[in-house]
Participant: 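Below you will find the structure I want to go over with you.
Here is how names work: the chains are called A, B, and so on, in the same order as the sequence lines, proteins then strands, and each is numbered from 1.
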Amino acid sequence: MTSKARRLGIYETMYRIYATDVAMRSLITSGKVSVIYYSPRGQEGIPAAVSAALTPDDYITTTYRGIHDTIAKGADLKEVVAEIVGRKTGTCKGKGGIMHLSDPRVGVMATSGIVGGAIPIANGLALRSQMTDSDAVTISYFGDGATNIGAFHESLNLAAVWRLPVVFVCQNNQYGEFTPRMDSMNVQHIADRAASYGMPGVTVDGNDPDATYEVAAAAIERARAGQGPTLIEATTYRFMGHVFGVDQMEYMPKEEMAAAIAADPVPAYRSRLIGDGEAREDEIASIESKVDREVADAVEFALASPVPDSLDAFTDVYAKGAVA
Amino acid sequence: MTSKARRLGIYETMYRIYATDVAMRSLITSGKVSVIYYSPRGQEGIPAAVSAALTPDDYITTTYRGIHDTIAKGADLKEVVAEIVGRKTGTCKGKGGIMHLSDPRVGVMATSGIVGGAIPIANGLALRSQMTDSDAVTISYFGDGATNIGAFHESLNLAAVWRLPVVFVCQNNQYGEFTPRMDSMNVQHIADRAASYGMPGVTVDGNDPDATYEVAAAAIERARAGQGPTLIEATTYRFMGHVFGVDQMEYMPKEEMAAAIAADPVPAYRSRLIGDGEAREDEIASIESKVDREVADAVEFALASPVPDSLDAFTDVYAKGAVA
Amino acid sequence: MTIQAEETKTITLIEALGQALDDALSSDPDVFLLGEDIIDPAGGAFGLTRGLSTKYGRERVRETPISEQAIIGAGIGAAMLGAKPIAEIMIADFYAVCLDQVANHAAKLRYMSGGRTTVPLTIRGMLSGGLNFAAQHSQSVEAWLLHTPGLKVAMPSTPADAKGLLTTAIHDPDPVILLEPVALYTVTGPVPVGRHEVPVGQADVKRVGADVTVVTYGPCVPMALAAAEELAGEISVEVVDLRWLAPWDKETVLESVSKTGRAVVMHQAVECCGFGAEISSVISENLWSVLEGPVLRVAGANTPVPYATELEQAHMPGTNDLVKAIRSTGEWKSRG
Amino acid sequence: MTIQAEETKTITLIEALGQALDDALSSDPDVFLLGEDIIDPAGGAFGLTRGLSTKYGRERVRETPISEQAIIGAGIGAAMLGAKPIAEIMIADFYAVCLDQVANHAAKLRYMSGGRTTVPLTIRGMLSGGLNFAAQHSQSVEAWLLHTPGLKVAMPSTPADAKGLLTTAIHDPDPVILLEPVALYTVTGPVPVGRHEVPVGQADVKRVGADVTVVTYGPCVPMALAAAEELAGEISVEVVDLRWLAPWDKETVLESVSKTGRAVVMHQAVECCGFGAEISSVISENLWSVLEGPVLRVAGANTPVPYATELEQAHMPGTNDLVKAIRSTGEWKSRG
Ligand SMILES: Cc1ncc(C[n+]2csc(CCOP(=O)(O)OP(=O)(O)O)c2C)c(N)n1
Ligand SMILES: Cc1ncc(C[n+]2csc(CCOP(=O)(O)OP(=O)(O)O)c2C)c(N)n1
Ligand SMILES: [Mg+2]
Ligand SMILES: [Mg+2]
């Protein structure tokens with residue numbers, strides 16, 4: 001793939017995430033749906049860049065704030081929106097919601113609502129790839145706050161000891177709920193935590209999709225080559241706070257937010273691509289309108305989809321049979 | 001206190017631990033008692049040196065393999081032996097056994113059988129000291145294997161963020177049960193893990209009580225002065241394997257064991273003190289016989305003590321009243 | 001009813017909890033709070049602790065990293081030295097990440113030390129359910145805790161009880177866990193203005209009746225009262241709100257069932273191995289000869305909690321389920 | 001009895017478990033083991049896995065750091081991609097350090113994903129108790145797991161059942177937890193030489209009787225058989241060994257109690273909110289009209305498990321307690 005195609009692809013993914021998020025937020029703000037929603041606004045560049053270095057056979061795990069990771073990995077947009085609005089046609093038949101989006105057909109294997117909860121599982125996916133000599137790589141996405149929980153520590157240690165083909169991507173958006181990162185840890189760079197495991201650690205500007213791509217591609221290559229895991233800290237910012245519409249965001253300094261919005265990765269990357277001569281404004285615009293239609297279709301599909309049958313509550317507990 | 005007095009005190013403590021361990025093992029080997037027992041043989045120097053830098057008002061938490069830490073902190077030897085052999089007169093009235101020795105009168109606050117389980121509690125003790133402007137320091141003892149469990153990570157991070165007056169002393173005896181340390185982690189020095197928390201980390205030869213004292217005293221001083229926690233890795237070796245009498249120790253290379261025994265800290269420190277002119281052989285011998293009598297008395301006391309009443313099983317669940 | 005004829009003010013359950021914390025912080029220097037996101041300006045995920053860090057300082061209202069094991073451990077250790085810490089576990093499902101500190105340490109330290117150490121720690125936080133928060137943020141985990149001797153466990157259903165239970169918990173010499181039904185956070189009711197306690201182990205008969213006893217607690221209490229109201233005239237329902245789940249008020253429950261001869265137990269937790277089974281067993285063991293029929297259970301279905309409203313409603317027990325169960329006891333023929 | 005008239009060999013329960021692991025490793029390349037200290041030369045804390053790492057290599061018999069969350073997570077992830085991992089949790093008390101992976105993830109992933117992902121993981125390890133291992137190494141924690149929909153849970157009492165349950169667990173499409181009573185590790189019995197399974201949810205009537213049903217499992221089964229023997233001639237006792245606790249064999253239990261009209265449930269776990277309460281409730285709910293008296297429970301006292309023998313014996317339920325309970329059912333007057 002040419003670098004141009006790749007970069008346009010990254011932008012398209014970013015825009016898909018962006019447009020879906022805008023649509024979701026307007027569904028909520030307008031009162032059309034009432035759901036808990038964790039906006040990825042501001043973090044689009046990270047999974048878009050990482051996914052550009054992945055194949056459909058690779059795997060990811062992510063968190064409640066993982067709609068961007070899930071879309072970037074190629075999950076069906078219709079199903080994603082339908083799941084969040086609680087429909088039978090969603091990725092999880094309406095049983096999971098945004099905290100548990102999963103689409104194993106494209107490698108979205110587990111989304112956890114427990115901070116750090118999916119990190120140990122990422123190791124297991126990578127272990128299976130290692131044991132079956134597949135060259136699939138697993139990406140484990142999580143937040144800065146998650147690096148303070150026990151499961152993070154145990155998992156990075158085990159991945160290093162077993163040289164698992166897994167890349168840990170910490171999306172450092174500077175906050176865990178309402179807690180500024182530096183109130184909860186004493187290290188400037190989360191990537192430095194890799195040293196505890198004898199694993200490489202890299203900090204990259206997560207709002208720079210090109211830089212993020214380079215770092216991710218190198219780590220993924222390393223993992224694929226059997227050289228073991230890497231911890232990537234991709235710095236970014238969370239424009240919409242923790243839970244969209246609920247979080248008052250008073251704890252986020254106004255100047256900090258203003259600076260972050262000024263560095264908004266979506267328009268910034270758009271301008272850069274145009275500036276670099278990768279595409280003309282109208283070419284970008286036509287990608288965007290294609291995506292806008294896709295998103296509009298997804299929303300329409302979701303809202304037109306049936307709600308689940310109440311009896312579905314009793315299936316999928318075990319492999320076979322229903323329980324009462 | 002003169003350096004001579006301190007060094008002789010450290011040796012006396014080491015010998016007290018040593019003699020108690022010999023007595024415990026002979027009780028078991030002779031079949032006089034049948035109990036699970038985790039021998040500290042080989043690790044005597046660490047708590048003996050650390051305790052020389054502590055006051056009776058300081059606190060410790062430790063593990064199932066913590067009889068040496070408990071004795072070094074000044075717990076009543078009679079009660080310690082009585083507890084291990086399951087008597088009513090033990091530190092815990094026979095309810096705890098070796099995995100749960102506690103003597104809050106001398107600051108032995110919690111002994112956990114869960115790997116890493118007491119580390120979070122050490123923080124709490126230190127927090128109370130900090131909040132009440134007491135200058136007490138808490139020592140949290142644990143093994144090398146424990147540094148791979150989640151509770152270790154969460155606790156060191158919190159201690160650093162809150163600058164707690166706690167010193168984490170990892171007794172790196174090279175094994176966790178039957179697993180060599182380097183099979184379970186990818187870092188040469190456990191002390192390097194301190195960097196993840198923005199906390200100083202020091203590796204010291206735990207078989208050298210003088211070096212260990214210096215390192216511990218500096219860390220304790222730091223903690224007392226409000227400058228926060230330190231992670232100390234004290235390297236050592238476990239002569240008797242995991243559970244005494246049960247562990248076949250086939251997994252421990254013979255040469256490694258031979259080298260460790262050749263460097264046995266108890267006779268080595270004895271010789272060093274004599275060589276340094278701190279005491280004559282006969283003066284040391286008289287300390288030893290004093291301790292031997294103490295240990296003999298403790299064993300006698302323990303074996304002569306009554307077993308618990310079965311109704312005691314139902315008390316101490318809650319503060320007041322018994323449960324059925 | 002334990003609310004005395006004293007001055008009261010009508011406030012929400014969440015306000016009552018905040019008030020109990022405020023009172024405790026102001027009256028007892030040994031009290032402090034620790035937990036994730038509890039400081040101002042947000043003051044907790046639902047604003048329960050809002051204002052407290054500003055009033056008492058961040059030393060006594062301590063924000064923590066996302067480290068539940070470290071949170072509980074810090075609470076345990078401080079409590080062992082005489083503090084009265086109040087640790088927040090934001091949502092009850094997160095007991096799964098710190099159960100070792102709760103069940104293997106807080107619950108057992110007194111016992112394992114032969115009574116030499118004590119853990120006067122309070123742990124509190126939301127019990128979710130019914131909010132479309134899905135399988136990992138909606139569980140009622142009280143049975144895990146009730147199967148762990150050494151813990152005291154309470155769950156309020158009214159603002160007054162919330163204040164009283166939390167106040168009692170804070171000053172109790174043992175580890176107490178308060179599970180706060182978030183579904184009831186905005187419920188209002190009269191709350192004593194002064195210090196108010198609900199003695200350990202004391203249930204409250206929230207409605208007196210003659211025909212059937214409903215034993216319940218927490219978020220199901222309003223449903224039980226609604227069911228009782230719906231059946232009024234037809235069946236006279238007594239509603240016992242346990243409030244304390246450990247230790248629980250067997251006396252009050254057995255007295256009520258002695259009178260009615262019929263009992264239905266209701267809780268939001270899944271049925272299998274839920275607290276309802278324990279209550280049912282104890283009633284049967286003690287009142288065999290007076291029971292007109294088996295103790296019935298109305299509880300969550302034995303599935304994880306689903307996300308979409310239609311599914312979650314199907315999973316959760318509701319007023320209708322309870323009404324049906326109560327009615328079915330009426331069909332029993334008296335044995336006598 | 002499910003043991004067929006096929007070739008058997010008399011071995012210990014721990015050997016039977018080792019054999020099931022060996023057979024699975026040799027017959028199915030998707031099977032692998034992971035856990036602490038499980039490799040040679042030690043082969044596990046009690047030598048259960050001895051020989052397997054030498055035979056199958058350290059890739060398939062994987063020693064891990066002391067990181068139970070990471071162990072279970074690795075098992076979950078590998079299982080989601082088609083492996084049949086067998087993770088060891090050395091002692092059941094340690095579920096407290098990894099309950100989040102077990103209860104919030106392994107148990108729920110199928111459901112939360114609407115059936116798109118599956119976790120054919122086996123978790124096995126010792127259930128301690130009676131060995132003077134004290135409060136943190138002696139707990140019977142099955143009720144925590146049984147209150148968590150999505151898990152299957154089994155406990156053997158004989159070498160043959162141990163082999164059969166473990167074999168079934170390994171090949172089951174859902175997460176299965178096998179709790180192995182270490183007190184029975186050295187018990188011997190005939191074990192089928194070939195592949196042997198115990199179908200999910202199938203109990204075994206270990207002794208046929210007419211007067212009283214004892215429902216039990218795991219370490220209490222030998223006690224129940226001893227009690228039955230002691231009472232032979234006086235009271236005819238039927239002993240139902242559940243083997244599978246989730247899902248459990250309600251049919252067999254209800255059939256037995258329909259016949260006897262009297263039931264005693266026994267387990268080593270503490271009584272409050274133990275599985276006995278669930279069994280008791282289900283029996284009462286279903287067989288009210290045939291019961292001659294309440295279902296009785298014989299269980300661990302509601303205290304942490306103490307260390308010294310005299311204390312631990314007082315805490316644990318024993319054959320004598322069961323005999324007493326069974327005898328007490330004889331005093332009931334028949335209702336009929
Ligand atoms: C174990 C656990 N503790 C607490 C929570 C509540 N919680 C949900 S998200 C969150 C903040 C996580 O921060 P971070 O890891 O930085 O991710 P972000 O939301 O910023 O993407 C918290 C505390 C949880 N879900 N799980
Ligand atoms: C959470 C937990 N997992 C496993 C065990 C079983 N276990 C007891 S001691 C031990 C080894 C600990 O090694 P280390 O921390 O190095 O301490 P040492 O015994 O060498 O002093 C293990 C795995 C346990 N007690 N707790
Ligand atoms: Mg964050
Ligand atoms: Mg060790």
Participant: For D:Met316, which atoms come within 4.5 Å of any heavy atom of chain B: side chain, backbone, both, or neither?
Facilitator: neither

Participant: Ring-plane angle category for B:Phe178 and B:Tyr251, please: parallel below 30°, perpendicular beyond 60°, tilted otherwise.
Facilitator: tilted

Participant: Do you know which of B:Met249, B:Arg181, B:Glu177 has the most heavy-atom pairs with chain D at a distance under 4.5 angstrom?
Facilitator: B:Glu177

Participant: Could you point out which residue of D:Arg60, D:Lys55, D:Arg50 forms a salt bridge (Lys or Arg N to Asp or Glu O under 4.0 Å) with D:Asp22?
Facilitator: D:Lys55

Participant: For B:Tyr237 and B:Phe239, take the angle between the two ring planes, folded into 0 to 90°, and tell me which bin it lands in: parallel under 30, tilted 30 to 60, perpendicular over 60.
Facilitator: tilted

Participant: With only heavy atoms counted, which part of B:Lys88 is less than 4.5 Å from chain D, the side chain, the backbone, both or neither?
Facilitator: neither

Participant: Taking the basic N atoms (NZ, or NE/NH1/NH2) and the acidic carboxylate oxygens, is any pair closer than 4.0 Å for B:Asp69 and B:Lys73?
Facilitator: no

Participant: Identify which part of D:Glu310 has an atom lying under 4.5 Å from any heavy atom of chain B, answering side chain, backbone, both or neither.
Facilitator: both

Participant: So what's closer than 4.5 Å to chain D heavy atoms on B:Glu250: side chain, backbone, both or neither?
Facilitator: both

Participant: Using 4.0 Å as the upper bound for N to carboxylate O, is an ion pair formed by B:Asp316 and B:Lys95?
Facilitator: yes

Participant: Any salt bridge between B:Asp76 and B:Arg105, counting N to O under 4.0 Å?
Facilitator: no

Participant: Under a 4.5 Å heavy-atom cut-off, does chain D meet the side chain of B:Asp247, its backbone, both or neither?
Facilitator: neither

Participant: With chain D, which of B:Ser112, B:Gly90, B:Ser34 has the greatest number of heavy-atom pairs at distances under 4.5 Å?
Facilitator: B:Ser112

Participant: Tell me, out of B:Ile114, B:Val115, B:Val85, who's got the most heavy-atom pairs with chain D below 4.5 Å.
Facilitator: B:Ile114

Participant: Would you mind checking which part of D:Arg58 comes under 4.5 Å of any heavy atom in chain B, side chain (CB onward), backbone (N, CA, C, O), both or neither?
Facilitator: side chain

Participant: Taking every non-hydrogen pair under 4.5 Å, which of D:Ile91, D:Asp40, D:Asp37 racks up the most with chain B?
Facilitator: D:Asp37

Participant: Between B:Phe142 and B:Phe168, what is the ring plane arrangement, given parallel below 30°, perpendicular above 60°, and tilted in between?
Facilitator: tilted

